[in-house]
Amino acid sequence: MLEYIRSNSQSLGVKLAFGLIILVFIFWGVGSMKDRSTGSLVATVNGEPITIRDFELAYRNAEESVMRNNPGAKREQVRQGLGRQVLRDLISQTLVRQEAARAGITVTPFELRIAVGQVPAFQNANGQFDAESYKRVLQMQRIAPAQYEHDMSEDMLRQKLFALVTGAAWHDPAEAQNRYNFLREQRVPDYIFIPAAEFMAAAKPTDAEVATYYDSHKAEFAVPPKVDVSYIRLAPEGLVKPESISEADARKWYEANASRFNQQEEIKAAHILVPLAEDASEADVKKAQETAAAIQAELKSGKSFADVANAHNGPNAAGPGGELGWLKRGTTVKPFEDAAFALDAGKVSAPVRSQFGLHIIKVEEKKGGGTQSFADVAAQVRAAMAKDQGADKLRDVLDNLIEDNILGKPLEKSAQALGLEAQQSGLATAQELQQKLGVTAEGAATLEKTPANSPVDRALEAGDAYVVARVLKAEAASTQPLEAVKDKIVAKLQGEKALADAMRAAAERRKGLTDGSINPTLKTGMGIKTAKPMDRSGSLADFGPDPELAAAVFSAKVGQWLPAAFAVSSPKDGQGAVLVHVGAVQPPDPSEWDMIKDIMVNAVERERVQGLYETFMQRLLSTAKVEVLNMDIVDRKNM
């Protein structure tokens with residue numbers, strides 16, 4: 001059969017056969033090939049299995065996604081708790097699939113093909129699906145077509161179920177404004193501050209109090225063990241110098257990997273948004289258009305786009321100056337994208353309507369798409385080749401270094417022979433070793449436990465690198481003597497006593513205060529100050545944030561003194577006690593509500609819809625029979 005196919009590879013029949021085979025694999029994948037024996041399962045959901053293969057594939061995709069979106073993250077940090085999150089997601093997906101089947105909801109192959117074809121990243125310049133772009137984009141993301149289509153089908157199924165469940169969601173039209181009024185209300189507090197500094201002289205602790213504190217808090221004065229480490233840090237890219245790679249070899253590699261250097265068209269844009277709901281009335285549309293016209297007039301008068309954007313944009317519309325940063329096709333809503341990518345650099349658009357409102361767009365810079373030339377990426381090519389070649393050499397180099405280390409050869413000489421550099425940490429704790437050497441917590445613990453003048457007989461992981469180490473010196477854990485920390489203890493106890501005395505003085509002062517408005521002429525004599533208006537998440541005057549104090553201020557009535565004093569601290573006045581009176585309430589600015597009305601209404605609607613769906617999913621989970629069969633794989637034990 002294979003010989004027949006090879007000999008007839010150019011025939012129309014074979015081409016059609018291969019086309020059908022490829023189509024089947026692209027759109028239906030190989031997901032049905034699952035081992036369902038108990039030993040190969042991670043969990044079951046209402047009797048439906050989640051196999052180890054399912055879990056490992058989902059885990060790998062999740063891990064790669066997190067690493068891709070957080071380039072500075074270390075793999076061991078990413079893995080913390082990731083397995084359990086992946087399992088939760090798989091359980092939720094299974095429940096959605098089961099409930100969709102019960103409700104008769106499906107995603108047909110035709111629907112899936114239409115959805116894939118509508119992804120802008122997979123389309124050519126004419127907006128048509130392009131199979132080569134599809135393969136190239138997925139290859140760059142290291143996602144198999146079958147997996148991508150499986151994930152898209154699952155997401156479409158969830159969207160259909162979501163629409164069915166949340167179709168009856170309803171909210172009170174007045175709720176958005178009530179929520180806004182609640183969040184944006186401000187209060188004007190009066191306050192009396194009693195500094196702890198006034199009580200410091202009489203608050204000095206006795207020697208006996210200092211000794212008692214020291215004996216009962218020795219853990220605070222513990223000195224962790226420290227080690228001094230000689231080490232060599234090896235990364236693949238450090239073993240081969242990019243400049244050692246010839247141009248001919250680099251060009252050959254570039255031609256074989258040209259798809260890595262495909263760039264999408266990008267624009268650096270800013271916008272001014274006039275909020276407008278999709279289903280806005282004619283009157284609201286006309287009002288928004290008038291606002292947009294007034295903004296255009298300001299821009300034509302010579303005002304800078306950034307200044308006009310800052311004056312008109314709501315708090316979440318964009319960054320300072322209306323900045324949106326660099327944008328690729330497929331990352332914004334279609335009307336905005338079409339208008340923005342059609343603009344030349346430096347030009348400003350007419351108002352463009354999307355589901356968010358009217359956008360006035362400015363394109364600041366543009367980058368064309370296409371494949372970068374070899375000349376532009378030669379340095380990247382050599383760096384990538386050096387890293388690949390270094391990875392091939394890494395194991396042999398590590399084996400040689402570890403052998404030399406075990407035999408007692410100084411790391412400096414071993415490093416010099418290989419053109420590497422040996423370093424020394426100096427006395428450092430395990431936590432400091434993690435930072436200096438880049439090793440994991442487990443690796444730092446290994447160094448901490450290694451005796452002085454001893455090698456570590458294995459390479460330690462350090463992100464994308466490895467560390468070969470010898471412990472030169474070791475100091476055991478100890479406790480700082482009392483005399484070394486006495487001043488620190490005295491200052492701490494003295495501050496605590498003085499603050500307690502200030503709180504007692506404030507409590508006595510509170511007894512003489514009566515609720516009601518305060519005569520302005522008496523404020524100075526009573527030591528009362530008026531602070532700037534504060535909101536629910538704000539701070540009183542220049543004191544540090546205190547959620548309990550803020551909650552108390554917004555719970556009290558106008559003219560009321562809070563019943564108790566609060567301990568506060570400020571950079572200017574230090575610690576102390578404060579008594580607070582609610583002097584006035586400032587309602588929100590009506591003009592601000594007009595600007596963000598649609599945003600708030602949409603937010604409340606989304607919250608109601610999302611809350612209804614989450615309640616539905618919690619009900620599914622609470623009534624489901626979920627059995628976890630292999631928690632070691634989920635928690636990545638011994639892996």
Side-chain angles (χ1 to χ4, degrees), residues 27-29 31 45-46 48 50 54 58 61-62 65 85-123 127 129 143 146-176 179 275-281 284-285 316 330-338 353-357 597-624 626:
F27 283 104
W28 280 272
V45 182
N46 294 326
E48 183 176 338
I50 296 175
D54 292 333
N61 289 339
S65 176
Q85 181 59 53
V86 168
L87 179 60
R88 282 194 292 270
D89 290 345
L90 288 172
I91 290 170
S92 294
Q93 290 169 19
T94 305
L95 289 171
V96 165
R97 201 162 48 245
Q98 292 172 349
E99 187 64 14
R102 189 191 67 78
I105 300 171
T106 61
V107 174
T108 67
F110 179 74
E111 287 178 296
L112 178 59
R113 291 174 200 168
I114 294 296
V116 170
Q118 289 177 342
V119 176
F122 304 150
Q123 295 175 349
F129 176 74
I143 301 172
Q147 182 61 44
Y148 176 80
E149 287 153 16
H150 172 270
D151 292 345
M152 175 173 269
S153 180
E154 293 276 291
D155 190 52
M156 290 171 68
L157 198 66
R158 187 197 67 80
Q159 289 175 22
K160 285 188 173 186
L161 186 63
F162 183 92
L164 178 67
V165 170
T166 61
W170 178 88
H171 76 282
D172 184 342
E175 183 179 356
R179 178 97 51 99
L276 181 64
E278 282 188 277
D279 57 352
S281 65
D284 285 342
V285 171
N316 298 313
T331 59
T332 64
V333 292
K334 197 74 168 61
F336 184 101
E337 177 184 293
D338 290 344
R353 185 167 181 182
S354 77
Q355 60 259 52
F356 300 108
K597 171 185 174 182
D598 293 333
I599 296 173
M600 286 293 295
V601 169
N602 289 336
V604 170
E605 287 178 353
R606 285 197 303 271
E607 183 181 292
R608 282 282 178 268
V609 167
Q610 193 62 40
L612 183 59
Y613 186 73
E614 287 175 3
T615 301
F616 167 77
M617 287 301 300
Q618 298 231 346
R619 182 186 64 78
L620 283 185
L621 186 59
S622 66
T623 57
V626 178

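Computation of the quantities below employed the complete heavy-atom set of this structure, encompassing side-chain atoms and omitting hydrogens, waters and symmetry-equivalent molecules.
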Next on the checklist: Under the criterion salt bridge (Lys or Arg N to Asp or Glu O under 4.0 Å), I'd like the reasoning laid out for E607 against R179: C-alpha separation, chi angles, the key distance, then a yes or no.
Outcome noted: CA-CA 12 Å; E607 183 181 292; R179 178 97 51 99; 3.0 Å; yes

Checklist entry - Under 30°, 30 to 60°, or over 60°: which ring-plane class applies to F129 and F122, parallel, tilted or perpendicular? => result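 Perpendicular: the ring planes of F129 and F122 meet at over 60°.
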
Compare all side-chain heavy atoms of [X] with those of [Y] and state whether any distance is below 4.5 angstrom.
{"X": "Q355", "Y": "F336", "value": "no"}
{"X": "R353", "Y": "P335", "value": "no"}
{"X": "I114", "Y": "E111", "value": "no"}
{"X": "E605", "Y": "Q610", "value": "no"}
{"X": "E175", "Y": "R608", "value": "yes"}

Next on the checklist: If I take atom CG from residue L90 and atom CD from residue Q85, how far apart are they, to the nearest 0.5 angstrom?
Outcome noted: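 Between atom CG of L90 and atom CD of Q85 there are 10.0 Å.
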
Item to check | Spacing of CG belonging to D54 relative to CG belonging to L87, to within rounding of 0.5 Å | outcome: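 Rounded to the nearest 0.5 Å, the CG-CG separation comes out at 11.5 Å.
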
Checklist entry - Can D89 and Q93 be counted as having a side-chain donor-acceptor contact under 3.5 angstrom? => result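 Result is no, nothing qualifies.
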
Item to check | Exercise: identify the closest heavy-atom pair between V45 and Q98 | outcome: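 Here V45 and Q98 meet closest at O-NE2, 2.8 Å.
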
Item to check | D598 versus P275, closest heavy-atom pair with distance | outcome: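 Residues D598 and P275, closest heavy atoms: OD2-O, 3.4 Å.
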
Checklist entry - After noting the C-alpha distance and the side-chain angles of T94 and V626, does the key distance pass the side-chain contact (heavy atoms from CB on, under 4.5 Å) rule? => result CA-CA 11 Å; T94 305; V626 178; over 6 Å; no

Item to check | Residue list, side-chain contact (heavy atoms from CB on, under 4.5 Å) with D279, at least two apart or on another chain | outcome: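 Per chain and number, D279 pairs via side-chain contact (heavy atoms from CB on, under 4.5 Å) with A277.
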
Next on the checklist: Tell me every residue that passes side-chain contact (heavy atoms from CB on, under 4.5 Å) with Q147, counting only those two or more places apart in sequence or in another chain.
Outcome noted: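 Residues passing side-chain contact (heavy atoms from CB on, under 4.5 Å) with Q147: L57, N61, I143, A144, H150, D151.
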
Item to check | Lys/Arg cation over aromatic F110: R113, 6.0 Å, 45° cone | outcome: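 No, R113 does not sit over the ring of F110.
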
Item to check | Contacts of type side chain to side chain donor-acceptor pair (under 3.5 Å), residue E99, not counting sequence neighbours | outcome: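 In terms of side chain to side chain donor-acceptor pair (under 3.5 Å), with neighbours along the sequence ignored, E99 is linked to R102.
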
